[in-house]
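To start, the structure itself, in structure tokens.
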Number of protein chains: 2
Amino acid sequence: MPNPDQLNAFIAAAETGSFSAASRRLKKAQSAVSNAIINLEIETGVELFDRSKRNPVLTEEGETLLRSAYAIMESHHDFMSHAMALNAGEESHLCLAIEQNVSAQPLVELLVVFEEKFPHIELELLDPGTSDVASLLRSGRADLGLMMEQEHYPKGFMFRGIGHSRKIPVCSKHHPLAKLEQVSHSDLRRYRQLVPRSLDLEDKSHEAQILSPKVWYAESPFVIAEVLSAGLGWASLHEAIVKEQLEQGSLVALKRTYQQDASLQGVDVVWSRHKPLGKGGQWLLNECFKLNVG
Amino acid sequence: MPNPDQLNAFIAAAETGSFSAASRRLKKAQSAVSNAIINLEIETGVELFDRSKRNPVLTEEGETLLRSAYAIMESHHDFMSHAMALNAGEESHLCLAIEQNVSAQPLVELLVVFEEKFPHIELELLDPGTSDVASLLRSGRADLGLMMEQEHYPKGFMFRGIGHSRKIPVCSKHHPLAKLEQVSHSDLRRYRQLVPRSLDLEDKSHEAQILSPKVWYAESPFVIAEVLSAGLGWASLHEAIVKEQLEQGSLVALKRTYQQDASLQGVDVVWSRHKPLGKGGQWLLNECFKLNVG
DNA sequence: ACAATCTATCTCTAAATCAGATAGAAACTA
DNA sequence: TAGTTTCTATCTGATTTAGAGATAGATTGT
């Protein structure tokens, strides 16, 4: 198996067109380059250079093997830059949990830049249902979370608001509510309400949203949107979730007579204080601060 | 720069889960594997294995670096198999010249297999105009040619028929000739004839085809087909060239009253006797014999 | 013809590699 | 719990390898 020094000698000699020039570039003795290339030729059984003239010139076989040699050196450099990135404090794996209610779109644009800046980090994206971001962070499964703001975060977690998302009551355009100019709380109470609810039975955060005595639950807001589209009930969902359906017209937003401010919820980035973020996570966090995630 | 032995030790240890087992697989002393990995760790600055238990287990960083190590070894194997292919007599470059009149389609199917069998050979495809295949072979620019059979090949060339192609007189469906049930030589003589002619002014092989006193020439039969499609003149072209236009109906084949046999021409593979073909060329030649190129 | 520059090769030295032995730790067994 | 096996790290010494320096022979350019 050719070692990197032999390949570097081969490449330098091919590029400079001379073993002596190659030795100067590599800051080695000329005999070292000469030996390296002769050994490579013995090992491969291929005559890489034609020595009939004063300066060696690549044979046809040498020319094609040179391309394979470049490929090896490239993977070597990738390996080393990967190692150096780890040394510099990049994590090897970064897991983001983005609550389904939060629009991932601004983040996705960030990830294009992330890919370029941190090509060696394996990124994992989770999109857990309502409020399960917290448990993913607590268990250490996720490193960084994007979620709707909460009253209390578990001890040991840091958070920071990075934007807002509005919840709006929506229903199918065929639903009786869609016929009304404006809807009041008592209008809504008359129909079945669909409410996003966490897997975690301990989590009571959904209760505050319940208006109607006729309630169904679903974990995913996307599933709720589909049920609504079929004409069944109404729900208060985040804009990001129903953006497309509103544009297509399959769902409609209800105009409210009641106070709207309560429906404006903050979006937080959340991370653990004890499991420090690497370079990649820190960068992403910083970029999140610059965003307004809708 | 990590050398292949270090990387092999790393990979073997990761796969077997033990330095001792790795040393047995690599048929080296256990101390060699241990040293190789420790040196790799020093060189990269990354702790690859967690040694807190009896058996070493890959750290998270080690796991991702392992993937980069595989990539290096893969390019090494590619390099060596490339070298071994050259040793076994594969050429590094193979140039095929296929006359435009010959249907390349059966050959293209062969090339899929070729790519798998000879991944290291650089293939070059030329599609010269009429009868210029010969000069490409003579000059050494091409290694193997597919062309319409000739009376005489230059000395030093081998050839072998591998199929036949029929020449048929065609014109646009709007052309006066298209209205006739059958066409005779004297019908054809009344209209402009388009004739494929080589770049090479010495080449007189086109003269035998000329029927009409009103002649235009073109190098490429494809250009002729386009001129015909515009409604201008008629030409005797190979089936492979006008197959699509006949199916689409933009060109029509003329039914002849005269003898057809003369229009049936052989297709030859041609190669030089003095510039021996490599393994790839030989294989391709053999496969050509099994084909009937139309 | 001469000077400059190239490659291959020789020699010698320094460095790296590796096998074998050993000690200490961990896991398994009875 | 004590004994056995199997593991890793480390030391030592022998062998191999890599590389610098010097030199001879060849090629190119003046």
Side-chain angles (χ1 to χ4, degrees), chain A residues 1-59 61-63 65-66 69 72-73 76 79-80, chain B residues 1-59 61-63 65-66 69 72-73 76 79-80:
Chain A
M1 286 268 164
N3 68 33
D5 287 341
Q6 289 174 325
L7 296 171
N8 272 329
F10 176 32
I11 288 172
E15 284 182 355
T16 60
S18 141
F19 294 178
S20 300
S23 73
R24 290 189 288 270
R25 177 199 283 188
L26 299 173
K27 299 187 200 308
K28 295 196 169 183
Q30 176 263 325
S31 62
V33 172
S34 184
N35 277 326
I37 289 173
I38 286 175
N39 285 335
L40 193 56
E41 288 181 319
I42 291 169
E43 197 165 358
T44 58
V46 177
E47 197 193 42
L48 300 172
F49 291 93
D50 171 13
R51 276 105 157 159
S52 66
K53 298 279 152 55
R54 178 153 91 138
N55 279 17
V57 9
L58 271 178
T59 60
E61 293 88 27
E63 210 164 308
L65 271 181
L66 179 61
I72 296 179
M73 290 315 296
H76 267 282
F79 181 91
M80 288 311 285
Chain B
M1 286 269 165
N3 68 32
D5 287 340
Q6 290 174 324
L7 296 170
N8 272 329
F10 176 32
I11 288 172
E15 284 182 356
T16 59
S18 141
F19 293 179
S20 301
S23 72
R24 289 191 288 269
R25 177 199 284 188
L26 300 173
K27 298 185 201 307
K28 294 195 170 185
Q30 176 262 325
S31 61
V33 172
S34 185
N35 277 326
I37 288 172
I38 286 175
N39 286 335
L40 193 56
E41 289 181 318
I42 291 170
E43 197 166 357
T44 58
V46 176
E47 197 194 40
L48 300 171
F49 291 93
D50 172 13
R51 277 104 157 160
S52 65
K53 298 280 150 56
R54 180 155 92 136
N55 279 20
V57 10
L58 272 178
T59 60
E61 293 89 29
E63 210 163 309
L65 271 181
L66 178 62
I72 296 179
M73 290 315 297
H76 267 283
F79 181 92
M80 289 310 286

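Naming convention: chains lettered A, B, ... in sequence-line order (proteins, then strands); numbering from 1 in each chain.
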- Note on the structure: Quick tally for nucleotides 13-20 of chain C: nucleotides whose base has a protein heavy atom under 4.0 Å get B, sugar-phosphate-only ones S, the rest -, giving ----SSBB
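Of all the residues in residues 14-25 of chain B, S18(B), F19(B), S20(B), R24(B) reach under 4.0 Å from DNA chain D with at least one non-hydrogen atom.
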Mind listing the N/O atom pairs, protein and nucleotides 26-30 of chain C, below 3.5 Å?
{"residue": "dA26(C)", "atom": "O3'", "partner": "R54(B)", "partner atom": "N", "Å": "3.4"}

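Between its two ends, the helix from dA1(C)-dT30(D) to dA30(C)-dT1(D) turns its axis by 40°, counting five pairs per end and rounding to 10 degrees.
Rounding to the nearest 0.5 Å gives a distance of 6.0 Å between CG of L7(A) and NE2 of H76(B). Note that CE of M80(A) and CG of L65(B) are 9.5 Å apart. Values are rounded to the nearest 0.5 Å. One finds the CE atom of M73(A) at 9.0 Å from the CD1 atom of I72(B) (value rounded to the nearest 0.5 Å).
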Side-chain donor-acceptor distances from residues 29-42 of chain B under 3.5 Å, at least two apart:
{"residue": "N35(B)", "atom": "ND2", "partner": "S31(B)", "partner atom": "O", "Å": "3.2"}
{"residue": "N39(B)", "atom": "ND2", "partner": "N35(B)", "partner atom": "O", "Å": "3.3"}
{"residue": "E41(B)", "atom": "OE1", "partner": "R51(B)", "partner atom": "NH1", "Å": "2.9"}
{"residue": "E41(B)", "atom": "OE1", "partner": "R51(B)", "partner atom": "NH2", "Å": "3.0"}
{"residue": "E41(B)", "atom": "OE2", "partner": "L48(B)", "partner atom": "N", "Å": "2.8"}
{"residue": "E41(B)", "atom": "OE2", "partner": "F49(B)", "partner atom": "N", "Å": "3.4"}
{"residue": "E41(B)", "atom": "OE2", "partner": "R51(B)", "partner atom": "NH1", "Å": "2.7"}

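Residue T59(B) comes nearest to E47(B) through the heavy atom pair OG1-O, 2.8 Å, listed as atom of the first residue, atom of the second, then distance. What you find for L26(A) and A9(A) is that their closest heavy atoms are CD1-CA, 3.8 Å. The nearest pair of heavy atoms linking A13(A) to F19(A) is CB-CD2, 3.7 Å. Across E43(A) and P2(A), no two heavy atoms sit closer than the pair OE2-N, 3.5 Å. Between A22(B) and T16(B), the shortest heavy-atom contact is N-OG1, 3.6 Å.
In this structure E15(A) satisfies the salt bridge (Lys or Arg N to Asp or Glu O under 4.0 Å) test together with R25(A), sequence neighbours excluded. With sequence neighbours left out, R24(B) forms a side chain to side chain contact (heavy atoms under 4.5 Å, CB included) with S20(B), A21(B).
Residue pairs meeting the ring-ring contact (aromatic ring centres under 6.0 Å, His included) criterion with at least one partner in residues 28-47 of chain B, sequence neighbours excluded, do not occur; the list is empty. For residues 1-14 of chain B, no residue pair satisfies the side chain to side chain donor-acceptor pair (under 3.5 Å) rule, not counting sequence neighbours.
Counting 5' to 3', DNA chain D first comes under 4.0 angstrom of a heavy atom of chain B and last does so at the ends given by dT6(D) to dT10(D).
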